[in-house]
S.K.: 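Before anything else, here's the structure in question.
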Amino acid sequence: MDLNLDAPHSMGTTIIGVTYNGGVVLGADSRTSTGMYVANRASDKITQLTDNVYVCRSGSAADSQVVSDYVRYFLHQHTIQLGQPATVKVSANLIRMLAYNNKNMLQTGLIVGGWDKYEGGKIYGIPLGGTVVEQPFAIGGSGSSYLYGFFDQAWKENMTKEEAEQLVVKAVSLAIARDGASGGVVRTVIINSEGVTRNFYPGDKLQLWHEELEPQNSLLDILNAAGPEPMAM
Amino acid sequence: MTFTIPIDNGDSVKTAEADSQRTLYPYVTGTSIVAIKYKDGVLMASDMGGSYGSTLRYKNIERMKAIGKHSLLGASGEISDFQEILRYLDELVLNDNMWDDGNSLGPKEVHNYLTRVMYNRRNKFNPLWNTLVLGGVKNGESYLGMVSMIGVSFEDNHVATGFGNHLARPILRDEWRADLSFEDGVKLLEKCMRVLLYRDRSAINKLQIAKITEEGVTVSQPYSLKTFWEFKAFNNPTAGAEGSW
């Protein structure tokens with residue numbers, strides 16, 4: 001692993017976790033790439049750890065999968081032993097344990113989000129290296145570079161569930177527009193005291209941004225819809 | 001430190017020894033810490049930034065933490081390693097309290113412990129990528145020291161890490177006195193932090209100042225410093241010399 005010391009490796013994907021008044025909303029794109037090829041255009045990067053805690057995965061698909069598999073296994077045992085649902089903090093700390101102690105080998109940035117009865121909705125960011133940072137919202141993956149300014153301006157405390165989800169969908173959609181390593185659909189997972197809701201926003205249903213055009217079936221439709229001389233300048 | 005991953009391939013369970021760790025690279029880093037002894041104890045200042053390469057990614061990281069009753073640890077460098085050091089120190093303090101013998105770890109002891117940890121990690125080519133500043137007051141005596149990631153350790157009346165070495169130290173050498181009041185000490189630290197804000201790319205304008213006295217440790221709320229840009233020379237610097245900077 002020969003990395004440039006100054007600029008940490010940016011990772012394919014856009015992942016987001018946002019707290020709102022009552023829970024959290026997790027969001028991600030759905031593109032998995034092998035070099036320039038899109039290996040999976042409909043991946044699910046928001047992975048369940050427990051009934052009430054999910055994790056957004058970015059970076060190496062293999063590394064993030066194996067880390068989340070281990071933590072799901074540990075949390076399952078922990079829940080049995082504890083006799084009640086695991087907390088988001090414990091989940092985040094287990095991820096941190098693996099991420100920190102294997103920092104030389106792992107290349108994955110994760111966002112842990114969930115709801116528990118003690119602290120409500122919480123988001124923990126765990127970037128490369130294994131630092132844990134509890135945040136009101138977190139962004140990660142290569143697409144997140146394009147979202148720092150957006151969130152600086154658009155983020156507000158105490159949003160409603162609808163506002164939070166709309167913010168997440170808008171943000172992932174904006175990142176997809178500019179980041180080649182992000183694409184496909186926007187998936188969201190909402191976690192609160194009532195439970196978990198999964199949502200799916202296909203690429204063609206998202207808002208259009210700068211220099212993007214309304215999708216058509218064919219040029220022929222445009223030509224037929226327009227009046228005479230449609231190919232004239 | 002090695003981490004074993006059990007592999008079960010059906011007929012036998014093998015353990016794969018993870019790659020023995022060698023020198024790493026920092027990912028999320030904190031910038032300078034500046035600290036001075038003053039009349040009643042020690043003052044320490046740091047900003048709340050966690051940089052990710054050149055991105056100012058995290059803006060709410062507390063890089064100074066109280067250790068036991070008498071000490072304050074400030075860290076620059078890799079934040080995950082700082083978090084790990086805090087875990088080690090938690091255990092140290094816990095064991096110290098368990099003795100329940102009326103004694104408590106002072107800054108000298110904590111500094112010594114950290115020095116051993118940092119130096120031994122350096123010898124194994126697996127450093128904790130931090131420069132640590134340890135300040136404290138016990139039995140009326142003020143203490144201020146620092147340890148680097150290669151185990152270089154010393155005490156002084158004023159210390160600074162990272163960019164602070166180059167920008168803050170000269171100011172402190174010029175203006176530090178043993179009998180600084182709290183107000184003068186804070187002003188001196190703020191002078192250093194302002195220069196760092198102007199000249200350190202990884203500095204952010206959100207800082208905390210911590211005070212350790214015989215009474216204990218307090219870390220201030222986060223706040224921002226005013227900056228000055230109204231020099232006439234800043235206004236139109238390239239007039240008459242287009243293309244210069």
Side-chain angles (χ1 to χ4, degrees), chain A residues 1-11 58-59 62-63 66-67 69-70 73-74 92-111 123-142 144-149 151-152 155, chain B residues 1-8 16-31 48-63 65 75-88 90 121 124-130 149 201-202 204-206:
Chain A
M1 262 185 33
D2 204 31
L3 294 176
N4 177 14
L5 225 136
D6 288 327
H9 214 61
S10 68
M11 298 171 289
S58 76
D63 286 350
V66 81
V67 167
D69 285 348
Y70 266 112
Y73 167 66
F74 294 144
N93 267 307
L94 285 169
I95 298 254
R96 177 215 93 96
M97 184 188 76
L98 290 174
Y100 180 76
N101 289 322
N102 296 288
K103 64 161 76 185
N104 280 356
M105 286 165 292
L106 292 175
Q107 262 219 75
T108 173
L110 302 153
I111 297 177
I123 294 283
Y124 292 89
I126 306 166
L128 253 45
T131 314
V132 201
V133 188
E134 201 249 294
Q135 300 167 88
F137 71 90
I139 55 178
S142 56
S144 68
S145 306
Y146 308 98
L147 296 177
Y148 285 97
F151 271 91
D152 277 349
W155 159 260
Chain B
M1 179 189 154
T2 54
F3 181 76
T4 53
I5 304 168
I7 300 173
D8 182 6
E17 205 85 311
D19 247 349
S20 59
Q21 285 196 352
R22 301 190 64 79
T23 315
L24 323 134
Y25 350 80
Y27 291 101
V28 181
T29 53
T31 185
M48 299 191 78
S51 296
Y52 189 71
S54 57
T55 305
L56 305 173
R57 188 165 180 182
Y58 301 105
K59 294 188 177 186
N60 207 25
I61 308 236
E62 288 202 28
R63 296 194 290 116
K65 292 284 186 180
S76 60
E78 169 67 49
I79 301 296
S80 66
D81 285 344
F82 175 52
Q83 290 179 341
E84 187 77 349
I85 289 167
L86 290 175
R87 287 171 110 90
Y88 290 156
D90 247 353
R121 288 286 297 255
K124 294 190 280 194
F125 283 92
N126 179 211
L128 289 159
W129 207 284
N130 297 110
M149 66 186 256
R201 255 175 56 168
S202 41
I204 63 164
N205 196 0
K206 190 174 181 193

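Labels below follow one simple rule: chain letters A, B, ... track the order of the sequence lines, proteins then strands, and each chain is numbered from 1.
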S.K.: Keeping the roles fixed (side chain from B/Ser80, backbone from A/Tyr100), state whether a donor-acceptor pair exists under 3.5 Å.
M.R.: no
S.K.: Quick one: what part of A/Ile139 sits under 4.5 Å from any heavy atom of chain B, side chain, backbone, both or neither?
M.R.: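 Interface part for A/Ile139: backbone (N, CA, C, O).
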S.K.: Could you look at A/Glu134 and say if it's the side chain, the backbone, both or neither that has a heavy atom under 4.5 Å from chain B?
M.R.: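 For A/Glu134, neither part sits under 4.5 Å from chain B.
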S.K.: Could you please spell out the steps behind the side chain to side chain contact (heavy atoms under 4.5 Å, CB included) verdict for B/Tyr52 and A/Leu128?
M.R.: CA-CA 9 Å; B/Tyr52 189 71; A/Leu128 253 45; 3.6 Å; yes
S.K.: For the OH atom on A/Tyr148, are there more than 12 heavy atoms of other groups (residues, nucleotides or ligands in this structure) within a distance under 6.0 Å?
M.R.: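 Yes, because the 6.0 Å sphere around OH of A/Tyr148 holds more than 12 heavy atoms from other groups.
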S.K.: Do you know which two heavy atoms are closest between B/Arg57 and A/Pro127, and how far apart they sit?
M.R.: NH1-CB, 3.9 Å
S.K.: Are any of the side-chain heavy atoms of B/Gln83 and A/Val132 separated by less than 4.5 Å?
M.R.: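 Counting from C-beta outward, B/Gln83 and A/Val132 do come under 4.5 Å.
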S.K.: Assess whether side chain to side chain contact (heavy atoms under 4.5 Å, CB included) is satisfied between A/Gln135 and B/Lys59, documenting all intermediate values.
M.R.: CA-CA 10 Å; A/Gln135 300 167 88; B/Lys59 294 188 177 186; over 6 Å; no
S.K.: What are the two closest heavy atoms between B/Tyr27 and A/Lys103, and how far apart are they?
M.R.: OH-O, 4.3 Å
S.K.: Please look at B/Ile61 and chain A and tell me whether the side chain, the backbone, both or neither of the residue comes under 4.5 angstrom of a heavy atom of that chain.
M.R.: side chain
